[in-house]
Engineer: 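Before I ask anything, let me first share the structure, which is written out below as structure tokens.
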Amino acid sequence: MQKTYYDPADLKKFGKISEWNEELGAKFFDYYGKVFEEGALTEREKSLIALAVSHTIQCPYCIDAYTGDGLQRGITKEEMMEALHVAAAIRGGASLVHGVQMMNKVNKLDM
Amino acid sequence: MIKSLHKRKSELAQSNKQLEILSNGIFQKGELPTFKDKIFETGQFPLKAKKLEILQINVGYMCNQVCSHCHVDAGPDRKEIMTRDTMSQCLEVIKNTGAHTLDLTGGAPEMNPNFRWFVEEASKAGIKDFIVRSNLTIITANKKYNDLPEFFKKYNVHVASSMPHWTKGKTDKQRGDGVFNASIKALKMLNAVGYGMPNSNLRLDLVYNPSGAFLPGNQKSLEKDFKKSLLEEFNIQFHNLFAITNLPISRFLDYLIASENYEDYMYSLVEAYNPSAVANVMCTNTLSISWDGYLFDCDFNQMLELPVNSKVKHISDYNEDLLEGRNIVISQHCYGCTAGAGSSCQGSVA
Ligand code: SF4
Ligand code: SF4
């Protein structure tokens with residue numbers, strides 16, 4: 001048994017997920033592939049969104065995958081870092097905006 | 001400025017050391033299939049040479065740059081230069097074969113003292129596509145090269161210029177400080193004489209290769225991004241972008257090993273292996289000639305000192321019948337040509 005929860009080598013085995021349920025695995029990968037095709041958004045824009053989201057969900061596999069994907073597309077490290085700050089701002093803001101709930105509660109309970 | 005592996009007396013300057021790395025380790029242990037095994041699976045082994053279409057001549061390893069990824073290990077400290085005699089032998093072959101493309105490479109080919117003479121002579125031979133691989137900065141490096149754009153124009157040379165990115169940071173990191181600004185200046189000089197303009201016959205293509213241990217993305221979308229940025233920011237135009245994968249040899253191999261990326265990079269090359277790229281790898285219709293006149297299947301094999309598998313070894317003995325149909329010499333570096341959309345000196349092949 002390996003001693004860490006994440007092994008970078010596991011990323012390469014992602015496709016194997018389908019082996020235990022081919023139908024659902026295939027549906028997922030079809031969907032996944034379609035999502036990242038150029039549409040109203042370019043593939044480049046989608047790659048940056050994916051990178052930002054990976055940081056929000058804190059998935060090390062996705063972070064590796066979309067950092068590599070970004071480099072392949074010629075996305076610069078400055079663009080990547082800006083995308084990350086967007087994720088961080090939303091993430092921070094999402095905590096902070098709940099402060100309104102806290103304030104409401106305090107105002108209600110406090111004399 | 002870094003020094004060439006050759007000058008540093010690095011053991012990787014020796015081709016047999018490189019070949020040893022490429023054949024042992026992960027490939028010997030069977031973790032990854034060898035290139036031979038891989039193409040054997042799809043019935044593509046042995047890879048055979050077809051009719052000669054492209055003659056690629058490496059006129060010397062001298063260069064004004066020392067790019068970190070250089071597969072030639074070129075630089076100002078390399079002195080290997082093709083002589084006029086060898087050039088004349090090449091010209092004889094050009095005149096007597098049906099090859100439609102002549103591709104001059106180096107180092108910086110313009111630094112060979114016989115470069116202009118050769119271009120003038122070769123242009124008389126009725127070549128359809130006469131490519132010079134220019135690193136761009138040579139045009140601005142010294143006054144004596146400033147008129148190269150006009151010189152190229154006079155002989156209707158097709159200029160293929162290296163440019164790893166449309167931003168300064170990435171370009172300078174791979175190719176050296178100041179390279180980006182000098183390249184922009186050179187591109188403007190080429191545009192000024194008509195190169196790269198939308199309806200111009202003066203062809204200016206850019207050659208992109210990744211600035212690190214990753215593969216090139218889609219050639220078409222990279223081209224779109226390059227065109228947009230260069231036009232908006234610098235008012236520069238060019239025709240096509242060729243996306244080329246870095247092959248794990250020479251200075252790029254040295255970088256891969258030093259940065260501990262070698263195994264992962266080989267994995268990604270093998271994973272991206274595309275059997276349909278195999279049929280069009282450039283060695284099947286190209287012959288590469290070294291500065292001293294020896295024949296190789298491609299510029300990469302030349303650097304690995306893997307000569308053609310034929311009785312004919314030198315340009316002075318050139319014989320089309322003996323060379324056609326020869327088995328191409330392959331090793332694991334060939335994965336670089338067959339990853340994804342494939343890669344050749346003229347970009348994607350699949
Ligand atoms: S990559 Fe080209 S420009 Fe750079 S050192 Fe090698 S030959 Fe010179
Ligand atoms: S490196 Fe590429 S061009 Fe050279 S022999 Fe291998 S497949 Fe052919």
Side-chain angles (χ1 to χ4, degrees), chain A residues 2 4 6-19 25-26 29 32-55 59-85, chain B residues 26 31-32 69 163-174 180 206-230 233 241-246 259-261 263-273 336 339-341 343 347-348:
Chain A
Q2 68 186 51
T4 54
Y6 291 111
D7 179 353
D10 285 347
L11 177 56
K12 293 193 191 79
K13 301 181 199 152
F14 188 20
K16 289 197 173 151
I17 290 293
S18 303
E19 283 175 11
F29 286 112
Y32 193 99
K34 233 7 224 173
V35 163
F36 282 94
E37 278 174 14
E38 172 140 1
L41 295 177
T42 63
E43 291 182 352
R44 193 175 203 277
E45 288 162 338
K46 290 182 180 185
S47 176
L48 277 167
I49 295 172
L51 182 72
V53 174
S54 327
H55 282 80
C59 170
Y61 301 118
C62 300
I63 293 174
D64 269 7
Y66 285 96
T67 304
D69 185 73
L71 287 170
Q72 289 199 9
R73 293 179 191 282
I75 295 175
T76 62
K77 56 180 192 243
E78 290 80 10
E79 291 171 304
M80 290 189 202
M81 190 49 94
E82 272 186 34
L84 216 56
H85 278 292
Chain B
I26 34 180
E31 251 176 70
L32 287 176
H69 72 292
M163 192 81 182
H165 207 264
W166 57 85
T167 59
K168 184 172 181 302
K170 284 191 145 219
T171 303
D172 285 0
K173 204 161 168 222
Q174 179 187 93
F180 183 74
L206 294 190
V207 181
Y208 160 87
N209 64 286
S211 47
F214 52 93
L215 308 187
N218 178 281
Q219 182 167 281
K220 273 280 153 243
S221 40
L222 283 166
E223 182 180 280
K224 219 164 93 190
D225 292 337
F226 263 88
K227 285 202 163 156
K228 188 167 177 282
S229 299
L230 290 181
E233 283 178 48
L241 181 89
F242 303 153
I244 295 185
T245 304
N246 289 318
S259 60
E260 295 181 5
N261 276 309
E263 290 196 0
D264 281 348
Y265 191 72
M266 293 315 286
Y267 264 97
S268 48
L269 286 183
V270 175
E271 207 171 297
Y273 170 78
S343 178
S348 302

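The model shown is predicted, which means the values in this text are computed figures rather than measured ones. Chain letters run A, B, ... following the sequence lines, proteins first, then strands; residues in each count from 1.
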Engineer: If you count heavy atoms of other groups shown closer than 6.0 angstrom to NZ of B:K227, is the number above 12?
Structural biologist: yes
Engineer: Residue by residue, which of residues 60-76 of chain A have a heavy atom closer than 4.5 Å to a heavy atom belonging to chain B?
Structural biologist: A:L71, A:Q72, A:R73, A:G74, A:I75, A:T76
Engineer: Using a 4.5 Å heavy-atom cutoff, which residues in residues 35-45 of chain A come close to chain B?
Structural biologist: A:E38, A:R44
Engineer: Does atom CD of A:E82 have more than 12 heavy-atom neighbours from other groups under 6.0 Å away?
Structural biologist: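 At most 12 heavy atoms, drawn from other residues, nucleotides or ligands, come within 6.0 Å of this atom.
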Engineer: Relative to chain A, which segment of B:F226 carries a heavy atom at a distance below 4.5 Å: side chain, backbone, both, or neither?
Structural biologist: neither
Engineer: Counting only non-hydrogen atoms closer than 4.5 Å, does B:P210 touch chain A with its backbone (N, CA, C, O), its side chain (CB onward), both, or neither?
Structural biologist: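 For B:P210, there is no contact with chain A at all, as no heavy atom is under 4.5 Å.
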Engineer: Between A:K77 and chain B, with a heavy-atom cut-off of 4.5 Å, which part of the residue counts as in contact: side chain, backbone, both or neither?
Structural biologist: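 Nothing of A:K77, per the 4.5 Å heavy-atom cut-off to chain B.
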Engineer: Can you tell me which portion of B:L222 sits under 4.5 Å from chain A's heavy atoms? Options are side chain, backbone, both or neither.
Structural biologist: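 When you check distances to chain A, only side chain atoms of B:L222 fall under 4.5 Å.
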Engineer: If you draw a 6.0 Å radius around CD in A:E78, do more than 12 non-hydrogen atoms from other residues or ligands fall strictly inside?
Structural biologist: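 It does: A:E78 CD has more than 12 such atoms within range.
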